[in-house]
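Before any comments, here is the structure.
Numbers restart at 1 for each chain; the letters A, B, ... are given by sequence-line order, proteins then strands.
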Amino acid sequence: MSLPLPDPALDPRGYQPGGVSAPVRQWRVAGWARANLFNSWLNAALTLFALWLIWAVCWPVIRFLLVDAVWDGASRTDCLADRVGREVGACWPFVGAKLGQFLYGFYPAAERWRVDLTAALGLGLLIPLMIPRLPYKTANAVLFFGVYPVAGFVLLVGGMFGLPYVETRQWGGLLVTLVIAVTGIVGSLPLGILLALGRRSEMPAMRAVSIVFIEVWRGVPLITVLFFATYMLPLFLPAGWAVDPLLRVMIGVLLFAAAYMAEVVRGGLQAIPRAQYEAAQALGLGYWRTMGLVILPQALKLVIPGIVNNFIGLFKDTTLVLIVAIFDLLGQLRAAFSDPNWATPTTVFTGFAFAGIVYFVFCFGMSRYALWMERRLSPAGRR
Amino acid sequence: MSESRAAAAIRTTRNAVAVELIGVHKWFGEFHALDGVDLRVMRGERVVVCGPSGSGKSTMIRCINGLEMHQRGRVIVDGVELTNNLKRIDEVRRDVGMVFQSLNLFPHLTVLENCTLAPIWVRHMPRREAEALAMQYLERVHIPEQARKYPGQLSGGQQQRVAIARALCMNPKIMLFDEPTSALDPEMVKEVLDTMVELALDGMTMIVVTHEMGFARQVADRVVFMDYGRIVEAAPPEEFFSRPRHERTRLFLSQILH
């Protein structure tokens, strides 16, 4: 049955297991383009049209952001076309002048190091936590999820250890955006998991409570939640029960996000076969260890895309706090537009371009990290 | 083998019932899955359970470790009666190993981690000790070299042998097998059965739901035939196969022994 293999010593062409040797790389690119992009008149026309479209969209953006942009200046006059003597794109000095406001809001300038320190601590703990190779994950997680929130609270709010008190009314800009988004993101996942488990529980009371919670919070718009938390909740609370407005909003966003998260997690739980539960039960693992060691690691891995989707949505939804007079990054931006010192025809576009870039960097970063994590966790990536 | 059977007999007489089912009933909605099952399995005894599909054999052994709750009658495992008390069910499960028909190793853990999970988290064994124990059992099922692989990288037969090792790592007093070879490709059945035979020869108390009659002949102390949720006949293998007393048993045997 066996076919005679060509003997390399006898074969004049010099037998190679891979067959024909690979062509030179540049030929491959040109060949690929000819085979795929220009293999018919219609395809050639579509290719050219697409190239034109890319050019038509990208070039004005590049011109506005980089080529025609003004990079130095001290006031609006430096960004006016008649002053510069040419067409003017983005007015970056505006962003430079207002950067402090965009980042910190009205946080007192002398105390802004506290915000910087909080951010540095957060990054210093988060980055090693996100790199799987690094050791001491448990200690790191305890520090980030347990100690850091307390440290961050003390640093940002102050009023103890000799730090002057800074009320949250003065907070703003990216600081507020990140405070709301990070608490929402970090808090909504565990709460969402508990709600999802509750909804699948065999205890009727547990199930009822979870379903009511999820459906009520999912059933109302976030704006309603924010309005309720800011303007109506104080009316219901007994006198003297003042809860900080920012904290109220943070809790509102957190619970809202948790309801959505619960449904994503539930989808993952439903995808795990019954046999997995039974195998874990038969080993005597009990409910919580079955969930924590066997079911959730598999279920959460399946729904990483959905979880990240929620995180990104939540991050961008934080801009809604503007309507309850909390000035996040976008709020500070709009406030800065009304400054007559920087009123130019391109100020508004510059500001939104800046905000867009900032939001994109955060969201794209989350998305890429999640994608990488997903690949790492897939069985093929683990060999 | 006769030696081991004699040894089993000694153990049996010396003491103790391992599993006892008394008048056990179970319904799935209208379907009467178990209709008054009485069974007593002594320590060290090997019982093979067979019968047509839907006869209640799986349901019966699933009642022994509380995966199904019986609705009437009593189930007593190693002296502990199974009730709705969840703590007590977990207590029983720790001492009862189970191997399923479906290949249900935990796919996100390596073979070794599959084996050490329960000893570490349920028995609170130090990791190193648990790993040593796991390696010992993986050697016993002849696949120590696969310890660092993930279940998806193993063949069905290898997975099922890991499942046996995983159950053994909890040092169970009783092993339950629910059609462990039915989901396997034919060429892998033997390696799993061989492992089970070795286990039986070591004196493990085993209740095995299977249609592998060769296995039953080789190691069973008793073969139990079930139909319509009842135990129709229970006898030592030589008697069971050569002189079945009931018509239904005869019919069943003629269908599976070609």
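Using bins of under 30°, 30° to 60° and over 60° for the plane-to-plane angle, the ring pair Phe256(A)/Tyr260(A) lands in the tilted bin. Ring geometry for His25(B) against Trp27(B) counts as parallel: the plane angle stays under 30°, on a 0 to 90° scale with 60° as the upper cut.
When heavy atoms are compared at a cutoff of 4.5 Å, Arg123(B) does not approach chain A at all. Of the two parts of Val99(B), neither the backbone nor the side chain holds a non-hydrogen atom closer than 4.5 Å to a non-hydrogen atom of chain A. Leu105(B) touches chain A through its backbone: at least one of N, CA, C or O sits under 4.5 Å from a heavy atom, while the side chain does not. At a 4.5 Å heavy-atom cutoff, the contact between Phe106(B) and chain A is made by backbone and side-chain atoms alike.
Under a 3.5 Å cut-off, the side chain of Asn85(B) and the backbone N or O of Lys87(B) do form a donor-acceptor pair.
Identified by a heavy-atom distance below 4.5 Å to chain B, the contributing residues of residues 271-284 of chain A are Arg274(A), Ala275(A), Gln276(A), Glu278(A), Ala279(A), Ala280(A), Gln281(A), Ala282(A), Leu283(A), Gly284(A), in residue-number order. Within residues 180-189 of chain B, no residue has a heavy atom under 4.5 Å from a heavy atom of chain A.
From Thr183(A), atom OG1 reaches atom CG of Leu314(A) across 8.0 Å, with rounding to the nearest 0.5 Å.
Using a 4.0 Å cut-off between charged side-chain N and carboxylate O, Arg199(A) and Glu263(A) make a salt bridge. Under 4.0 Å is where a charged nitrogen must lie from a carboxylate oxygen, and between Arg161(B) and Glu191(B) at least one such pair does.
For the residue pair Gln146(B) and Lys149(B), a side-chain donor N or O sits within less than 3.5 Å of a side-chain acceptor on the partner. No hydrogens or angles considered: a donor-acceptor pair under 3.5 Å links the side chains of Asn114(B) and Arg166(B). Donor-acceptor pairing under 3.5 Å is recorded for the side chains of Asn171(B) and Tyr137(B).
Closest heavy-atom contact between Leu195(A) and Ala258(A): CD1-O, 4.1 Å. The two residues Met206(A) and Ser210(A) have their closest heavy-atom pair at O-OG, 2.9 Å.
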